[in-house]
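These numbers were taken from a predicted model, which means no experiment stands behind them.
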Amino acid sequence: MAETIGSEITSGSSMSEKSAKIFVAGHRGLVGSAIVRKLEELGFTNLVLRTHHELDLTRQADVESFFAQEKPVYVILAAAKVGGIHANNTYPADFIGVNLQIQTNVIHSAYEHGVKKLLFLGSSCIYPKFAPQPIPESALLTGPLEPTNEWYAIAKIAGIKTCQAYRIQHGWDAISGMPTNLYGPNDNFHPQNSHVLPALMRRFHEAKVNGAEEVVVWGTGSPLREFLHVDDLADACVFLLGRYSGLEHVNIGSGQEVTIKELAELVKEVVGFEGKLGWDCTKPDGTPRKLMDSSKLASLGWTPKVSLRDGLRQTYDWYLENVCAANQ
């Protein structure tokens, strides 16, 4: 049944209408801002954007009113409450509650008010802690989650299942994409709450500015990680909106692995820090390997374009122009 619905919907889905009204939820974040840049670059002229102050997506009545008034044709749901391990452990009710509210309100209102197609974005943390590597889409719900982010993960899994439920029951074209680790302009470079790549970039930059002799990084440097530039993700999102209509979610990754040691050396080079790189092997490494299987997306005809080195250079330029300049 799902395959029949999907094939029927695909024939009517097109991103060729440059004047079509597109609502990008979460347009100020790392992902949403990249999607807006990509859509504008491609010539889309009718983007509907709202800040959290202008539209609180956790308020059902406000979301209903927004959709009734604006009636967008496409919706990209990139809005979410996100954070690291500390935030997830400290505010579990927020991470599951806020994300469930946002998703449920937007997905339901989009369906009720005739949205042609919706793309829901999640995260690779939806997969079991001990999922097979590389992680295929079929690994979803096959084992226990990583406890440090299960509240966020469960909300995102519910988002996938909500899209599937509306497709099965109503024949509505709601799809889901699951990105790997992302980086790029508008990333979070907070000294305590940022992820590994922006954290390394900030530490090496500050060490260079302060004339430090050494930067010490946690662990052995041996874990393998996958990174995707957020501009590549934005390109993949537009591709999926135009080319994919199916029940199963789609992994979005680079397919390229790098050790944390290799990443640190590359960030060190891009930043221009000439001191030593040390490792605190008394600190934990975390998961040994985390790679997504993005062969499904590749089989549809999409491949990433931004190399890690080029992406790091671009991100560092953005960091200098926006974060450093703002702090001066």
Side-chain angles (χ1 to χ4, degrees), residues 6 9-52 54-55 57 66-80 106-107 109-111 113-122 163 172-180 182-187 228-246 250-254 294 296-307 310-311 313-315 317-318 321-322:
I9 295 173
T10 303
S11 63
S13 293
S14 171
M15 287 294 286
S16 60
E17 312 155 38
K18 301 297 185 182
S19 62
K21 187 176 282 190
I22 304 173
F23 174 43
V24 181
H27 75 283
R28 283 185 161 180
L30 171 67
V31 172
S33 61
I35 290 170
V36 168
R37 286 196 304 273
K38 174 57 66 174
L39 290 170
E40 290 176 341
E41 175 190 318
L42 292 172
F44 288 91
T45 57
N46 200 0
L47 305 185
V48 183
L49 311 173
R50 295 289 188 276
T51 64
H52 175 72
E54 293 169 329
L55 175 61
L57 296 175
F66 164 79
F67 274 91
Q69 180 177 341
E70 293 293 340
K71 298 192 181 303
V73 177
Y74 299 102
V75 172
I76 302 173
L77 182 42
V106 172
I107 292 170
S109 289
Y111 166 71
H113 292 282
V115 166
K116 187 174 183 179
K117 189 165 190 173
L118 177 142
L119 169 62
F120 169 73
L121 290 170
C163 289
W172 184 52
D173 200 1
I175 61 174
S176 299
M178 297 299 118
T180 188
L182 301 169
Y183 72 99
N186 283 318
D187 208 340
L228 182 72
H229 193 281
V230 73
D231 286 349
D232 271 336
L233 171 64
D235 188 60
C237 288
V238 177
F239 177 89
L240 287 171
L241 276 171
R243 307 280 188 86
Y244 179 71
S245 181
V250 180
N251 286 345
I252 308 173
S254 65
S294 298
K296 179 176 181 176
L297 180 57
S299 71
L300 295 171
W302 185 87
T303 53
K305 301 174 182 63
V306 184
S307 72
D310 289 344
R313 286 199 183 103
Q314 184 216 47
T315 303
D317 288 342
W318 184 90
E321 293 171 12
N322 294 271

Under 3.5 Å: donor-acceptor pair, side chain of S294, backbone of L297: no
Straight-line distance of H27 NE2 to I76 CD1, nearest 0.5 Å: 13.0 Å
Name the orientation class of the two ring planes belonging to H113 and F67 (parallel below 30°, tilted from 30 to 60°, perpendicular beyond 60°). parallel
Evaluate the criterion salt bridge (Lys or Arg N to Asp or Glu O under 4.0 Å) for residue pair D235 and K305; output intermediate values, then yes/no. CA-CA 9 Å; D235 188 60; K305 301 174 182 63; 2.8 Å; yes
At their closest point, which heavy atom of L121 faces which heavy atom of A78, and how far apart are they? CD1-CB, 4.1 Å
I want to check a possible cation-pi pair here: K117 against Y74, using under 6.0 Å from ring centre and within 45° of the ring axis as the test. no
Is the backbone of W318 close enough, under 3.5 Å, to the side chain of N322 for a donor and an acceptor to pair up by distance? yes
Are N46 and S19 linked by a side-chain donor-acceptor pair shorter than 3.5 Å? no
Note: V24 and G32 closest approach over all heavy atoms is CG1-O, 4.0 Å
Shortest non-hydrogen pair, V48 vs F23, comes out as O-CD1, 3.2 Å
For the side chain of N186 and the backbone of G29, is there at least one donor-acceptor N/O pair under 3.5 Å apart? no
Can you name the closest pair of heavy atoms from F66 and L55 and give their distance? CG-CD2, 3.7 Å
Given side chains that start at C-beta, do those of P185 and H229 come closer than 4.5 Å, heavy atoms only? yes
Under the side chain to side chain contact (heavy atoms under 4.5 Å, CB included) criterion, do W302 and V238 qualify, and how do the steps go? CA-CA 11 Å; W302 185 87; V238 177; over 6 Å; no
Working for salt bridge (Lys or Arg N to Asp or Glu O under 4.0 Å), residues D231 and R37: CA-CA 8 Å; D231 286 349; R37 286 196 304 273; 2.7 Å; yes
Just verifying a value: how many Å separate I252 CD1 and L182 CG, rounded to the nearest 0.5 Å? 8.5 Å
Does any pair with a residue in residues 21-35 pass salt bridge (charged side-chain N to carboxylate O under 4.0 Å, His left out), and if so which ones, sequence neighbours excluded? K21-E70
For I175 and C163, what are the C-alpha separation, side-chain angles and deciding distance, and is it a side chain to side chain contact (heavy atoms under 4.5 Å, CB included)? CA-CA 6 Å; I175 61 174; C163 289; over 6 Å; no
Do the side-chain N and O atoms of Y244 and K296 include a donor-acceptor pair separated by under 3.5 angstrom? yes
Could you give the distance from CG (L118) to CG (L77), rounded to the nearest 0.5 Å? 6.0 Å
Look at the side chain of K71 and the backbone N and O of V115, then say whether any donor-acceptor pair between them is shorter than 3.5 Å. no
Pairwise distance OH(Y111) to CG(D173) - rounded to 0.5 angstrom: 13.0 Å
Specify the closest pair of heavy atoms between L42 and K18, including all atoms of both residues, with the distance to one decimal. O-NZ, 3.0 Å
Between V75 and F120, is there a side-chain heavy-atom distance shorter than 4.5 Å? no
How long is the span from the OG atom in S307 to the CZ atom in R313, to the nearest 0.5 Å? 7.5 Å
Y183/V230 under side chain to side chain contact (heavy atoms under 4.5 Å, CB included): CA gap, chis, key distance, verdict: CA-CA 6 Å; Y183 72 99; V230 73; over 6 Å; no
Output for pair (L39 CG, C237 SG), nearest 0.5 Å, gives 9.0 Å
So which atom in V36 and which in L47 form the shortest heavy-atom distance, rounded to 0.1 Å? CG1-CD1, 4.0 Å
Taking atom CD of Q69 as the centre, does the number of heavy atoms from other residues, nucleotides or ligands within less than 6.0 Å exceed 12? no
